[in-house]
Amino acid sequence: MEHRIADTLKILTEADKEACEIVRVSENEPVSSKKRLFIESYGCQMNFSDSEIVASVMREAGYATTSDADNADVLFLNTCSIRDNAERKVRKRLTELNMIKKRKPGTLIGILGCMAERLKAKLLDEEKMVDIVTGPDAYRDLPRLIEEAETGQKGVNVFLSKEETYADISPIRLNSNGITAFISIMRGCDNMCSFCVVPFTRGRERSRDPYSILKEAEELFRDGYKEVTLLGQNVDSYKWTGQPGIIAVSEELNVNSPTQVHVNFAGLLEMVALVSPELRVRFSTSHPKDITDEVLYTIKKHDNICKYIHLPAQSGNSRVLEIMNRTYNRDWYLDRIDSIRRILGDDCGISHDMITGFCTETEEEHQDSVSLLEYVKFDFGYMFAYSERPGTLAAKKFTDDIPADIKQRRLAEIIEVQQRISMERNQRLIGTIQKILVEGTSKRSEDDFIGRNDQNKKVIFPRENFKKGDYVNVMITDCTTATLRGYAVEKTPALANSHQPVS
Ligand code: SAM
Ligand code: SF4
(Lines give C-alpha, C1' and ligand atoms only; values in the text may rest on other atoms or scores of the structure.)
(Ligands and ions follow the chains in the order given, each with its own letter.)
Protein backbone atom coordinates (compact mmCIF):
# COMPACT_ATOMS: atom_id res chain seq x y z
CA MET A 1 0.00 0.00 0.00
CA GLU A 2 2.77 2.41 0.95
CA HIS A 3 4.42 1.90 -2.41
CA ARG A 4 1.15 2.68 -4.18
CA ILE A 5 0.71 5.93 -2.22
CA ALA A 6 4.24 7.01 -3.05
CA ASP A 7 3.67 6.27 -6.72
CA THR A 8 0.44 8.19 -6.85
CA LEU A 9 1.98 11.17 -5.10
CA LYS A 10 4.80 11.09 -7.58
CA ILE A 11 2.33 11.38 -10.44
CA LEU A 12 0.69 14.36 -8.77
CA THR A 13 4.04 15.96 -8.07
CA GLU A 14 5.01 15.68 -11.71
CA ALA A 15 1.70 17.31 -12.58
CA ASP A 16 3.09 20.58 -11.38
CA LYS A 17 6.71 21.56 -10.92
CA GLU A 18 5.85 23.83 -8.04
CA ALA A 19 4.41 21.02 -5.91
CA CYS A 20 5.67 20.79 -2.37
CA GLU A 21 8.66 18.59 -1.60
CA ILE A 22 10.71 19.38 -4.67
CA VAL A 23 14.34 20.28 -4.14
CA ARG A 24 15.97 22.94 -6.27
CA VAL A 25 19.68 23.48 -6.64
CA SER A 26 21.43 26.67 -7.72
CA GLU A 27 23.03 26.77 -11.17
CA ASN A 28 26.56 27.55 -12.35
CA GLU A 29 27.25 31.18 -13.04
CA PRO A 30 29.96 31.55 -15.68
CA VAL A 31 32.64 33.37 -13.66
CA SER A 32 35.96 32.05 -12.41
CA SER A 33 37.28 34.63 -9.93
CA LYS A 34 34.43 34.83 -7.43
CA LYS A 35 33.74 32.78 -4.34
CA ARG A 36 31.19 30.05 -4.87
CA LEU A 37 27.76 29.67 -3.29
CA PHE A 38 25.68 26.49 -3.46
CA ILE A 39 21.99 26.82 -2.45
CA GLU A 40 19.60 23.91 -2.21
CA SER A 41 15.97 24.92 -1.63
CA TYR A 42 13.20 22.79 -0.14
CA GLY A 43 9.45 23.24 0.14
CA CYS A 44 7.18 25.83 -1.38
CA GLN A 45 7.43 28.41 -4.18
CA MET A 46 8.00 31.08 -1.54
CA ASN A 47 11.23 29.37 -0.53
CA PHE A 48 12.43 29.14 -4.12
CA SER A 49 11.67 32.82 -4.49
CA ASP A 50 13.57 33.60 -1.26
CA SER A 51 16.64 31.72 -2.53
CA GLU A 52 16.70 34.15 -5.45
CA ILE A 53 16.87 37.02 -2.95
CA VAL A 54 19.64 35.23 -1.06
CA ALA A 55 21.59 34.79 -4.32
CA SER A 56 21.23 38.52 -4.96
CA VAL A 57 22.43 39.51 -1.46
CA MET A 58 25.35 37.12 -1.83
CA ARG A 59 26.30 38.42 -5.27
CA GLU A 60 26.74 41.85 -3.72
CA ALA A 61 29.12 40.19 -1.26
CA GLY A 62 31.18 38.70 -4.12
CA TYR A 63 29.68 35.23 -4.49
CA ALA A 64 28.61 33.48 -7.71
CA THR A 65 26.27 30.48 -7.60
CA THR A 66 27.27 26.92 -8.43
CA SER A 67 25.40 23.64 -8.83
CA ASP A 68 28.40 21.70 -7.55
CA ALA A 69 28.40 21.41 -3.76
CA ASP A 70 31.93 19.92 -3.81
CA ASN A 71 33.35 23.11 -5.25
CA ALA A 72 31.47 25.63 -3.14
CA ASP A 73 32.89 27.88 -0.42
CA VAL A 74 29.48 28.28 1.20
CA LEU A 75 26.69 25.67 1.28
CA PHE A 76 23.16 26.86 2.09
CA LEU A 77 20.10 24.72 2.66
CA ASN A 78 16.94 26.85 2.43
CA THR A 79 14.62 24.71 4.50
CA CYS A 80 10.96 23.86 5.04
CA SER A 81 9.26 22.92 8.31
CA ILE A 82 5.73 22.34 7.09
CA ARG A 83 5.76 18.58 7.77
CA ASP A 84 8.08 16.38 9.76
CA ASN A 85 9.37 14.57 6.65
CA ALA A 86 10.51 17.90 5.16
CA GLU A 87 12.75 18.47 8.18
CA ARG A 88 14.01 14.87 8.17
CA LYS A 89 15.06 15.28 4.55
CA VAL A 90 17.17 18.32 5.47
CA ARG A 91 18.83 16.52 8.42
CA LYS A 92 19.80 13.67 6.08
CA ARG A 93 21.20 16.08 3.54
CA LEU A 94 23.22 17.80 6.26
CA THR A 95 25.13 14.58 6.98
CA GLU A 96 26.09 14.46 3.29
CA LEU A 97 27.22 18.09 3.28
CA ASN A 98 29.28 17.35 6.37
CA MET A 99 31.33 14.86 4.35
CA ILE A 100 32.22 17.70 1.99
CA LYS A 101 33.22 19.87 4.92
CA LYS A 102 35.46 17.09 6.26
CA ARG A 103 37.17 16.82 2.90
CA LYS A 104 37.41 20.62 2.53
CA PRO A 105 37.77 22.29 5.95
CA GLY A 106 36.83 25.96 5.78
CA THR A 107 33.65 25.28 3.81
CA LEU A 108 30.76 26.98 5.61
CA ILE A 109 27.33 25.41 6.05
CA GLY A 110 24.24 27.58 6.59
CA ILE A 111 20.67 26.60 7.41
CA LEU A 112 18.20 29.19 6.15
CA GLY A 113 14.43 29.54 6.16
CA CYS A 114 11.67 27.97 8.21
CA MET A 115 13.68 25.27 9.98
CA ALA A 116 16.26 27.87 11.03
CA GLU A 117 13.49 30.04 12.42
CA ARG A 118 11.71 27.18 14.19
CA LEU A 119 14.77 25.69 15.88
CA LYS A 120 16.96 28.79 16.18
CA ALA A 121 20.28 28.30 18.02
CA LYS A 122 19.14 24.81 19.06
CA LEU A 123 20.09 23.77 15.53
CA LEU A 124 23.71 24.60 16.29
CA ASP A 125 23.66 22.24 19.30
CA GLU A 126 21.96 19.47 17.37
CA GLU A 127 23.94 19.78 14.14
CA LYS A 128 27.54 20.57 15.04
CA MET A 129 28.69 21.06 11.45
CA VAL A 130 26.32 24.05 10.95
CA ASP A 131 28.02 27.49 11.01
CA ILE A 132 25.16 29.83 10.14
CA VAL A 133 21.45 29.88 11.08
CA THR A 134 19.35 32.55 9.35
CA GLY A 135 15.58 33.07 9.46
CA PRO A 136 13.51 34.26 6.46
CA ASP A 137 13.62 37.94 7.45
CA ALA A 138 17.38 38.16 8.03
CA TYR A 139 18.86 37.48 4.59
CA ARG A 140 20.35 40.97 4.27
CA ASP A 141 22.56 40.04 7.21
CA LEU A 142 24.09 36.98 5.51
CA PRO A 143 27.40 38.62 4.45
CA ARG A 144 28.04 39.71 8.07
CA LEU A 145 27.09 36.28 9.41
CA ILE A 146 29.52 34.67 6.97
CA GLU A 147 32.31 36.99 8.08
CA GLU A 148 31.55 36.02 11.66
CA ALA A 149 31.60 32.33 10.78
CA GLU A 150 34.92 32.74 8.96
CA THR A 151 36.47 33.78 12.28
CA GLY A 152 35.27 30.51 13.81
CA GLN A 153 32.19 31.87 15.58
CA LYS A 154 28.68 30.72 14.81
CA GLY A 155 26.49 33.24 12.97
CA VAL A 156 22.83 33.35 14.04
CA ASN A 157 20.09 35.82 13.06
CA VAL A 158 16.49 34.70 13.43
CA PHE A 159 14.96 38.12 14.00
CA LEU A 160 11.43 38.28 12.54
CA SER A 161 10.55 41.66 11.10
CA LYS A 162 7.19 43.40 10.76
CA GLU A 163 8.38 45.40 7.75
CA GLU A 164 10.93 43.45 5.70
CA THR A 165 9.66 42.67 2.17
CA TYR A 166 13.02 42.80 0.30
CA ALA A 167 11.21 45.20 -2.07
CA ASP A 168 14.43 46.85 -3.26
CA ILE A 169 16.35 43.64 -3.94
CA SER A 170 16.37 42.38 -7.53
CA PRO A 171 16.20 38.59 -7.26
CA ILE A 172 18.73 36.56 -9.25
CA ARG A 173 16.69 34.01 -11.16
CA LEU A 174 17.78 30.49 -10.26
CA ASN A 175 16.77 27.40 -12.25
CA SER A 176 15.13 29.77 -14.65
CA ASN A 177 13.63 28.72 -17.97
CA GLY A 178 13.76 32.41 -18.95
CA ILE A 179 9.99 32.40 -19.54
CA THR A 180 8.24 32.06 -16.15
CA ALA A 181 9.18 33.73 -12.87
CA PHE A 182 7.89 34.18 -9.32
CA ILE A 183 7.31 37.58 -7.76
CA SER A 184 6.88 37.67 -4.01
CA ILE A 185 4.12 40.20 -3.15
CA MET A 186 3.87 39.69 0.59
CA ARG A 187 5.49 37.82 3.45
CA GLY A 188 4.35 36.06 6.61
CA CYS A 189 0.86 35.02 7.62
CA ASP A 190 -1.60 36.21 10.28
CA ASN A 191 -4.06 33.35 9.97
CA MET A 192 -3.03 30.88 12.66
CA CYS A 193 -4.51 27.72 11.17
CA SER A 194 -4.11 25.33 14.08
CA PHE A 195 -2.07 22.71 12.14
CA CYS A 196 0.36 25.17 10.57
CA VAL A 197 3.86 26.24 11.55
CA VAL A 198 4.13 29.08 9.00
CA PRO A 199 2.98 31.97 11.26
CA PHE A 200 5.75 30.95 13.69
CA THR A 201 8.48 30.59 11.07
CA ARG A 202 7.61 33.46 8.75
CA GLY A 203 6.15 35.99 11.13
CA ARG A 204 3.46 38.63 10.68
CA GLU A 205 1.83 39.32 7.36
CA ARG A 206 3.09 42.34 5.42
CA SER A 207 2.48 43.49 1.85
CA ARG A 208 5.15 44.76 -0.49
CA ASP A 209 5.03 48.17 -2.18
CA PRO A 210 3.00 47.62 -5.41
CA TYR A 211 5.27 49.88 -7.43
CA SER A 212 8.30 47.70 -6.70
CA ILE A 213 6.21 44.68 -7.75
CA LEU A 214 5.22 46.41 -10.95
CA LYS A 215 8.81 47.39 -11.67
CA GLU A 216 9.92 43.79 -11.20
CA ALA A 217 7.18 42.56 -13.57
CA GLU A 218 8.12 45.17 -16.19
CA GLU A 219 11.80 44.27 -15.97
CA LEU A 220 11.04 40.59 -16.31
CA PHE A 221 8.91 41.26 -19.39
CA ARG A 222 11.67 43.40 -20.86
CA ASP A 223 14.10 40.51 -20.28
CA GLY A 224 11.90 38.16 -22.29
CA TYR A 225 9.81 36.57 -19.55
CA LYS A 226 6.21 35.82 -20.52
CA GLU A 227 4.63 34.75 -17.24
CA VAL A 228 4.80 35.93 -13.64
CA THR A 229 3.30 34.24 -10.59
CA LEU A 230 2.45 36.57 -7.71
CA LEU A 231 3.27 34.77 -4.47
CA GLY A 232 2.00 35.05 -0.91
CA GLN A 233 0.60 32.72 1.77
CA ASN A 234 -2.75 34.47 1.38
CA VAL A 235 -2.67 36.77 -1.65
CA ASP A 236 -6.28 37.87 -1.16
CA SER A 237 -5.37 39.76 1.99
CA TYR A 238 -2.77 41.84 0.11
CA LYS A 239 -3.22 45.47 1.13
CA TRP A 240 -0.98 48.47 0.80
CA THR A 241 -1.46 52.14 1.56
CA GLY A 242 1.01 54.85 0.62
CA GLN A 243 2.11 57.54 -1.80
CA PRO A 244 1.31 56.98 -5.48
CA GLY A 245 4.32 55.62 -7.30
CA ILE A 246 5.85 56.04 -10.70
CA ILE A 247 2.90 54.90 -12.80
CA ALA A 248 -0.34 56.66 -13.66
CA VAL A 249 -2.79 55.14 -11.19
CA SER A 250 -6.25 54.44 -12.57
CA GLU A 251 -9.45 55.02 -10.63
CA GLU A 252 -9.94 51.29 -10.41
CA LEU A 253 -7.06 51.09 -7.97
CA ASN A 254 -9.08 52.74 -5.20
CA VAL A 255 -7.41 56.13 -5.21
CA ASN A 256 -8.80 57.99 -2.22
CA SER A 257 -6.80 61.18 -2.40
CA PRO A 258 -3.95 62.45 -4.52
CA THR A 259 -1.50 61.66 -1.75
CA GLN A 260 -2.78 58.33 -0.43
CA VAL A 261 -3.34 55.22 -2.53
CA HIS A 262 -4.95 52.02 -1.26
CA VAL A 263 -4.18 48.94 -3.32
CA ASN A 264 -5.89 45.63 -2.63
CA PHE A 265 -5.23 42.32 -4.40
CA ALA A 266 -7.71 43.00 -7.21
CA GLY A 267 -5.99 46.34 -7.81
CA LEU A 268 -2.54 44.79 -7.80
CA LEU A 269 -3.60 42.03 -10.22
CA GLU A 270 -4.93 44.69 -12.56
CA MET A 271 -1.72 46.74 -12.36
CA VAL A 272 0.41 43.73 -13.26
CA ALA A 273 -1.99 42.56 -15.98
CA LEU A 274 -1.64 45.97 -17.65
CA VAL A 275 2.14 45.57 -18.05
CA SER A 276 1.45 43.83 -21.37
CA PRO A 277 -1.22 41.56 -22.84
CA GLU A 278 1.72 39.30 -23.78
CA LEU A 279 2.59 38.76 -20.10
CA ARG A 280 0.57 36.04 -18.40
CA VAL A 281 -0.24 36.61 -14.74
CA ARG A 282 -0.76 33.83 -12.19
CA PHE A 283 -1.05 34.00 -8.41
CA SER A 284 -0.91 31.70 -5.39
CA THR A 285 -2.23 31.01 -2.76
CA SER A 286 -5.85 32.13 -2.46
CA HIS A 287 -7.65 31.77 0.86
CA PRO A 288 -11.34 30.76 0.84
CA LYS A 289 -12.20 33.24 3.59
CA ASP A 290 -10.73 36.20 1.67
CA ILE A 291 -11.13 35.62 -2.07
CA THR A 292 -13.66 38.21 -3.29
CA ASP A 293 -15.92 38.50 -6.30
CA GLU A 294 -13.94 41.68 -7.12
CA VAL A 295 -10.86 39.50 -7.64
CA LEU A 296 -12.87 37.04 -9.75
CA TYR A 297 -14.22 39.85 -11.96
CA THR A 298 -10.70 41.24 -12.37
CA ILE A 299 -9.54 37.80 -13.55
CA LYS A 300 -12.46 37.70 -15.97
CA LYS A 301 -11.74 41.19 -17.28
CA HIS A 302 -8.15 40.51 -18.37
CA ASP A 303 -7.41 37.73 -20.86
CA ASN A 304 -3.82 37.55 -19.65
CA ILE A 305 -4.77 36.76 -16.02
CA CYS A 306 -4.85 32.98 -16.02
CA LYS A 307 -8.18 31.34 -15.25
CA TYR A 308 -6.74 29.13 -12.57
CA ILE A 309 -7.20 29.33 -8.80
CA HIS A 310 -5.44 27.32 -6.11
CA LEU A 311 -7.97 27.30 -3.28
CA PRO A 312 -6.86 25.03 -0.43
CA ALA A 313 -9.80 23.37 1.34
CA GLN A 314 -7.90 21.32 4.02
CA SER A 315 -11.13 19.44 4.90
CA GLY A 316 -14.67 19.06 3.61
CA ASN A 317 -16.17 18.90 7.08
CA SER A 318 -17.28 21.98 9.02
CA ARG A 319 -16.37 20.69 12.49
CA VAL A 320 -12.86 19.76 11.36
CA LEU A 321 -12.48 23.13 9.61
CA GLU A 322 -13.47 24.82 12.84
CA ILE A 323 -10.83 23.06 14.95
CA MET A 324 -8.33 23.71 12.16
CA ASN A 325 -9.20 27.39 12.76
CA ARG A 326 -9.71 27.94 9.03
CA THR A 327 -12.50 30.46 9.83
CA TYR A 328 -14.84 29.17 7.10
CA ASN A 329 -17.12 26.14 6.92
CA ARG A 330 -18.04 23.73 4.14
CA ASP A 331 -20.94 25.88 2.91
CA TRP A 332 -18.75 28.97 2.71
CA TYR A 333 -16.11 27.07 0.73
CA LEU A 334 -18.74 25.73 -1.67
CA ASP A 335 -20.23 29.20 -2.06
CA ARG A 336 -16.80 30.48 -3.18
CA ILE A 337 -16.54 27.60 -5.65
CA ASP A 338 -20.02 28.41 -6.99
CA SER A 339 -18.96 32.05 -7.46
CA ILE A 340 -15.85 30.96 -9.36
CA ARG A 341 -17.99 28.81 -11.65
CA ARG A 342 -20.63 31.55 -12.05
CA ILE A 343 -18.12 34.31 -12.86
CA LEU A 344 -15.33 32.40 -14.59
CA GLY A 345 -17.20 29.37 -15.93
CA ASP A 346 -16.68 25.61 -15.87
CA ASP A 347 -13.36 25.84 -17.66
CA CYS A 348 -11.63 27.77 -14.86
CA GLY A 349 -8.95 25.51 -13.39
CA ILE A 350 -9.26 24.93 -9.64
CA SER A 351 -6.86 23.00 -7.42
CA HIS A 352 -6.82 22.31 -3.69
CA ASP A 353 -4.79 21.25 -0.66
CA MET A 354 -6.33 18.65 1.63
CA ILE A 355 -5.17 17.14 4.92
CA THR A 356 -6.25 13.66 6.05
CA GLY A 357 -6.34 12.39 9.62
CA PHE A 358 -6.36 15.73 11.44
CA CYS A 359 -6.93 15.32 15.21
CA THR A 360 -10.27 13.60 16.03
CA GLU A 361 -11.35 13.33 12.36
CA THR A 362 -13.95 10.54 12.11
CA GLU A 363 -14.57 8.27 9.15
CA GLU A 364 -17.77 10.20 8.29
CA GLU A 365 -15.91 13.51 8.45
CA HIS A 366 -13.26 12.09 6.13
CA GLN A 367 -16.08 11.11 3.73
CA ASP A 368 -17.07 14.81 3.68
CA SER A 369 -13.65 15.56 2.19
CA VAL A 370 -14.25 12.88 -0.44
CA SER A 371 -17.67 14.33 -1.27
CA LEU A 372 -16.19 17.84 -1.52
CA LEU A 373 -13.79 16.58 -4.18
CA GLU A 374 -16.72 14.99 -6.04
CA TYR A 375 -18.77 18.21 -5.85
CA VAL A 376 -16.07 20.64 -6.94
CA LYS A 377 -14.34 18.49 -9.56
CA PHE A 378 -10.91 19.99 -8.92
CA ASP A 379 -8.37 19.78 -11.73
CA PHE A 380 -5.71 18.60 -9.33
CA GLY A 381 -4.72 18.74 -5.69
CA TYR A 382 -1.92 18.48 -3.18
CA MET A 383 -2.88 16.02 -0.49
CA PHE A 384 -1.12 15.34 2.79
CA ALA A 385 -1.44 13.16 5.89
CA TYR A 386 -1.57 15.35 8.99
CA SER A 387 1.85 15.81 10.58
CA GLU A 388 1.88 17.36 14.05
CA ARG A 389 4.23 20.34 14.27
CA PRO A 390 5.65 21.35 17.66
CA GLY A 391 4.45 24.73 18.93
CA THR A 392 1.34 24.94 16.75
CA LEU A 393 -2.11 25.49 18.25
CA ALA A 394 -3.14 21.93 17.37
CA ALA A 395 -0.05 20.47 19.07
CA LYS A 396 -0.95 22.42 22.22
CA LYS A 397 -4.71 21.80 22.25
CA PHE A 398 -5.39 18.43 20.63
CA THR A 399 -4.04 14.90 20.62
CA ASP A 400 -2.66 13.63 17.35
CA ASP A 401 -4.95 10.62 17.76
CA ILE A 402 -5.47 9.23 14.27
CA PRO A 403 -3.09 6.28 13.77
CA ALA A 404 -0.59 6.64 10.91
CA ASP A 405 -2.04 3.74 8.93
CA ILE A 406 -5.52 5.29 9.00
CA LYS A 407 -4.18 8.70 7.93
CA GLN A 408 -2.37 6.99 5.05
CA ARG A 409 -5.42 4.93 4.05
CA ARG A 410 -7.59 8.07 3.96
CA LEU A 411 -4.86 9.84 1.99
CA ALA A 412 -4.75 7.00 -0.55
CA GLU A 413 -8.55 7.21 -0.82
CA ILE A 414 -8.67 10.92 -1.62
CA ILE A 415 -5.72 10.62 -3.99
CA GLU A 416 -7.55 7.89 -5.88
CA VAL A 417 -10.72 9.98 -6.14
CA GLN A 418 -8.72 13.05 -7.23
CA GLN A 419 -6.84 11.02 -9.86
CA ARG A 420 -10.12 9.90 -11.40
CA ILE A 421 -11.51 13.45 -11.38
CA SER A 422 -8.25 14.89 -12.81
CA MET A 423 -8.52 12.35 -15.63
CA GLU A 424 -12.13 13.35 -16.31
CA ARG A 425 -11.26 17.06 -16.27
CA ASN A 426 -8.40 16.44 -18.72
CA GLN A 427 -10.44 14.18 -21.00
CA ARG A 428 -13.04 16.89 -21.52
CA LEU A 429 -10.32 18.98 -23.19
CA ILE A 430 -9.65 16.35 -25.87
CA GLY A 431 -10.79 17.82 -29.17
CA THR A 432 -10.36 21.42 -28.01
CA ILE A 433 -7.68 23.92 -28.93
CA GLN A 434 -5.66 25.21 -25.97
CA LYS A 435 -3.38 28.23 -25.98
CA ILE A 436 0.00 27.13 -24.64
CA LEU A 437 2.95 29.21 -23.47
CA VAL A 438 6.05 27.20 -24.45
CA GLU A 439 8.38 26.78 -21.46
CA GLY A 440 11.00 24.44 -22.91
CA THR A 441 11.83 20.98 -24.17
CA SER A 442 9.98 18.00 -22.72
CA LYS A 443 12.10 15.88 -20.35
CA ARG A 444 11.09 12.73 -22.19
CA SER A 445 11.90 13.79 -25.76
CA GLU A 446 14.02 16.49 -27.38
CA ASP A 447 11.49 16.51 -30.22
CA ASP A 448 8.67 17.74 -27.99
CA PHE A 449 7.97 21.05 -26.32
CA ILE A 450 6.25 21.45 -22.98
CA GLY A 451 4.15 24.38 -21.85
CA ARG A 452 1.03 25.13 -19.86
CA ASN A 453 -2.45 26.24 -20.76
CA ASP A 454 -4.40 28.94 -18.96
CA GLN A 455 -5.61 26.43 -16.37
CA ASN A 456 -2.04 25.47 -15.45
CA LYS A 457 -2.20 22.06 -17.13
CA LYS A 458 0.97 20.78 -18.74
CA VAL A 459 0.73 20.22 -22.47
CA ILE A 460 3.26 18.33 -24.62
CA PHE A 461 3.41 18.65 -28.40
CA PRO A 462 5.90 18.21 -31.29
CA ARG A 463 8.16 21.27 -31.31
CA GLU A 464 8.27 21.88 -35.09
CA ASN A 465 9.68 25.39 -35.64
CA PHE A 466 8.27 26.99 -32.51
CA LYS A 467 10.48 28.43 -29.83
CA LYS A 468 10.48 28.94 -26.08
CA GLY A 469 8.22 31.84 -25.11
CA ASP A 470 5.85 31.40 -28.07
CA TYR A 471 2.12 31.21 -27.49
CA VAL A 472 0.92 28.27 -29.58
CA ASN A 473 -2.58 26.95 -30.25
CA VAL A 474 -2.49 23.21 -29.63
CA MET A 475 -5.19 20.70 -30.58
CA ILE A 476 -5.53 18.27 -27.68
CA THR A 477 -5.64 14.64 -28.76
CA ASP A 478 -4.76 12.64 -25.64
CA CYS A 479 -4.17 12.93 -21.90
CA THR A 480 -3.05 11.29 -18.67
CA THR A 481 -4.12 12.41 -15.17
CA ALA A 482 -1.23 14.87 -15.20
CA THR A 483 -0.58 15.94 -18.80
CA LEU A 484 -2.31 16.80 -22.03
CA ARG A 485 -0.85 15.90 -25.42
CA GLY A 486 -1.57 17.32 -28.86
CA TYR A 487 -0.22 19.01 -31.96
CA ALA A 488 0.27 22.65 -32.87
CA VAL A 489 -2.38 24.25 -34.98
CA GLU A 490 -0.87 27.75 -35.18
CA LYS A 491 1.12 30.36 -33.34
CA THR A 492 -1.19 32.77 -31.57
CA PRO A 493 -1.06 36.27 -30.18
CA ALA A 494 -1.44 36.32 -26.39
CA LEU A 495 -4.93 37.73 -26.56
CA ALA A 496 -6.44 34.99 -28.73
CA ASN A 497 -9.20 32.93 -27.16
CA SER A 498 -7.74 30.04 -25.22
CA HIS A 499 -10.50 27.46 -25.37
CA GLN A 500 -12.35 26.84 -28.58
CA PRO A 501 -14.27 23.57 -28.90
CA VAL A 502 -13.79 22.07 -32.34
CA SER A 503 -16.73 20.34 -33.99
N1 SAM B 1 -1.10 29.46 2.89
C2 SAM B 1 -1.63 28.37 2.20
C3 SAM B 1 -3.08 28.12 2.63
O4 SAM B 1 -3.53 28.62 3.61
O5 SAM B 1 -3.72 27.35 2.01
C6 SAM B 1 -0.86 27.08 2.39
C7 SAM B 1 0.50 27.09 2.86
S8 SAM B 1 1.23 25.58 3.36
C9 SAM B 1 2.87 25.97 2.95
C10 SAM B 1 0.84 24.40 2.12
C11 SAM B 1 -0.04 23.27 2.56
O12 SAM B 1 0.64 22.41 3.46
C13 SAM B 1 -1.28 23.64 3.34
O14 SAM B 1 -2.30 24.12 2.52
C15 SAM B 1 -1.67 22.35 4.01
O16 SAM B 1 -2.51 21.55 3.20
C17 SAM B 1 -0.33 21.65 4.17
N18 SAM B 1 0.06 21.60 5.58
C19 SAM B 1 0.35 22.63 6.39
N20 SAM B 1 0.61 22.19 7.64
C21 SAM B 1 0.49 20.84 7.61
C22 SAM B 1 0.63 19.82 8.59
N23 SAM B 1 0.93 20.11 9.85
N24 SAM B 1 0.43 18.54 8.21
C25 SAM B 1 0.10 18.24 6.93
N26 SAM B 1 -0.04 19.17 5.97
C27 SAM B 1 0.15 20.46 6.29
FE1 SF4 C 1 -0.53 28.22 7.28
FE2 SF4 C 1 -3.11 28.87 7.35
FE3 SF4 C 1 -1.27 30.78 6.98
FE4 SF4 C 1 -1.76 28.99 5.04
S5 SF4 C 1 -3.21 30.51 5.85
S6 SF4 C 1 0.24 29.65 5.78
S7 SF4 C 1 -2.19 27.15 6.19
S8 SF4 C 1 -1.55 29.55 8.82
Side-chain angles (χ1 to χ4, degrees), residues 9 12-13 16 18-22 41-50 78-88 113-115 117-118 136 184-206 230-238 283-291 309-316 320-328 333 336 350-359 361 369 372-373 378 380-398 400 402 404 407-408 410-411 414-415 418:
L9 278 172
L12 284 176
T13 304
D16 191 304
E18 295 93 12
C20 291
E21 329 226 326
I22 297 178
S41 316
Y42 293 76
C44 62
Q45 295 164 332
M46 203 76 195
N47 249 17
F48 301 146
S49 169
D50 277 3
N78 192 358
T79 60
C80 171
S81 284
I82 201 85
R83 284 167 290 278
D84 185 46
N85 58 2
E87 288 200 3
R88 269 189 276 132
C114 289
M115 214 170 144
E117 193 63 54
R118 192 177 86 72
S184 167
I185 63 164
M186 56 207 294
R187 299 184 71 82
C189 183
D190 282 351
N191 280 330
M192 300 303 278
C193 299
S194 63
F195 53 79
C196 187
V197 78
V198 168
F200 304 95
T201 59
R202 291 192 157 264
R204 300 307 300 266
E205 181 187 288
R206 64 224 101 118
L230 309 181
L231 288 183
Q233 292 299 347
N234 177 2
V235 289
D236 301 288
S237 67
Y238 177 91
F283 53 90
S284 186
T285 298
S286 302
H287 196 296
K289 84 173 159 60
D290 293 316
I291 189 167
I309 297 172
H310 181 57
L311 197 68
Q314 316 299 4
S315 168
V320 175
L321 286 169
E322 191 179 340
I323 60 170
M324 283 178 163
N325 201 26
R326 286 291 286 181
T327 68
Y328 56 85
Y333 186 88
R336 294 291 74 215
I350 310 179
S351 59
H352 67 94
D353 289 349
M354 197 70 92
I355 296 177
T356 61
F358 186 63
C359 315
E361 183 192 63
S369 293
L372 190 94
L373 299 191
F378 293 101
F380 50 93
Y382 303 111
M383 293 160 271
F384 313 100
Y386 172 58
S387 162
E388 185 178 81
R389 307 310 293 132
T392 56
L393 296 185
K396 285 183 195 150
K397 273 172 73 179
F398 310 121
D400 180 13
I402 309 298
K407 284 179 187 169
Q408 291 299 330
R410 290 179 188 170
L411 177 62
I414 60 167
I415 287 174
Q418 183 54 57

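Every number for a ligand or one of its atoms is a count from 1 in the order of the listing.
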(request) Rounded to the nearest 0.5 Å, what's the gap from CD1 on I309 to OG on S286? Could you check? (result)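 Between I309 CD1 and S286 OG, I get 6.0 Å after rounding to 0.5 Å.
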(request) Show your reasoning for whether side chain to side chain contact (heavy atoms under 4.5 Å, CB included) applies to M192 and F200. (result) CA-CA 9 Å; M192 300 303 278; F200 304 95; 3.6 Å; yes
(request) Run the numbers for me: atoms of ligand 1, each under 4.0 Å from some heavy atom of R389, listed by number. (result)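 Within the 4.0 Å cut-off of R389, ligand 1 contributes 23 (N).
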(request) Heavy-atom contacts with I82 under 4.0 Å: which atoms of ligand 1 show up? List them by number with element. (result)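 Result: 8 (S), 9 (C), 12 (O), 18 (N), 19 (C), 20 (N), 21 (C), 22 (C), 23 (N).
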Does only the side chain of [X] get under 4.0 Å from ligand 1, or the backbone, or both, or neither? Count heavy atoms.
X: F384; answer: side chain
X: A385; answer: backbone
X: Q45; answer: neither
X: R83; answer: side chain
X: E388; answer: neither
X: I355; answer: side chain

(message) List the protein residues in contact with ligand 2, where contact means a heavy-atom separation under 4.0 angstrom.
(response)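 Answer by chain and number: C189, N191, M192, C193, F195, C196, V198, P199, Q233, H287, R326.
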(message) If you apply the rule side chain to side chain contact (heavy atoms under 4.5 Å, CB included), what do you find for D400 with S387, and how did you get there?
(response) CA-CA 8 Å; D400 180 13; S387 162; over 6 Å; no
Closest heavy-atom pair and its distance - [X], [Y]:
X: Q418; Y: F378; result: NE2-O, 3.0 Å
X: V198; Y: C189; result: CG1-CB, 4.1 Å
X: M186; Y: M46; result: O-CE, 3.0 Å

Do [X] and ligand 1 have an N or O pair less than 3.5 Å apart?
X: Y386; answer: no
X: Q314; answer: yes
X: S286; answer: no
X: R326; answer: yes

(request) Run the salt-bridge test on D50 and R202 with the 4.0 Å N-O cut-off and return the result as yes or no. (result)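 A salt bridge links D50 with R202.
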(request) Test side chain to side chain contact (heavy atoms under 4.5 Å, CB included) on M354 and R410 and set out the steps. (result) CA-CA 11 Å; M354 197 70 92; R410 290 179 188 170; over 6 Å; no
(message) Among residues at least two apart in sequence or on other chains, which ones pass ring-ring contact (aromatic ring centres under 6.0 Å, His included) with F283?
(response)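 With sequence neighbours excluded, F283 shows a ring-ring contact (aromatic ring centres under 6.0 Å, His included) to F265, given in chain and number order.
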(request) With atom 6 (C) of ligand 1 as the reference point, say which of Q233, M46, K289, H352 has the nearest heavy atom. (result)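 The nearest heavy atom belongs to Q233.
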(message) So, applying side chain to side chain contact (heavy atoms under 4.5 Å, CB included) with H287, which one of L311, N234, V235 is it?
(response)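 Option passing the side chain to side chain contact (heavy atoms under 4.5 Å, CB included) with H287: N234.
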(request) Classify the angle between the aromatic ring planes of F358 and F398 as parallel (below 30°), tilted (30 to 60°) or perpendicular (above 60°). (result)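 Correct class here is perpendicular.
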(message) side chain to side chain contact (heavy atoms under 4.5 Å, CB included), that's the test. Do K289 and R336 meet it? Break it down for me.
(response) CA-CA 9 Å; K289 84 173 159 60; R336 294 291 74 215; over 6 Å; no
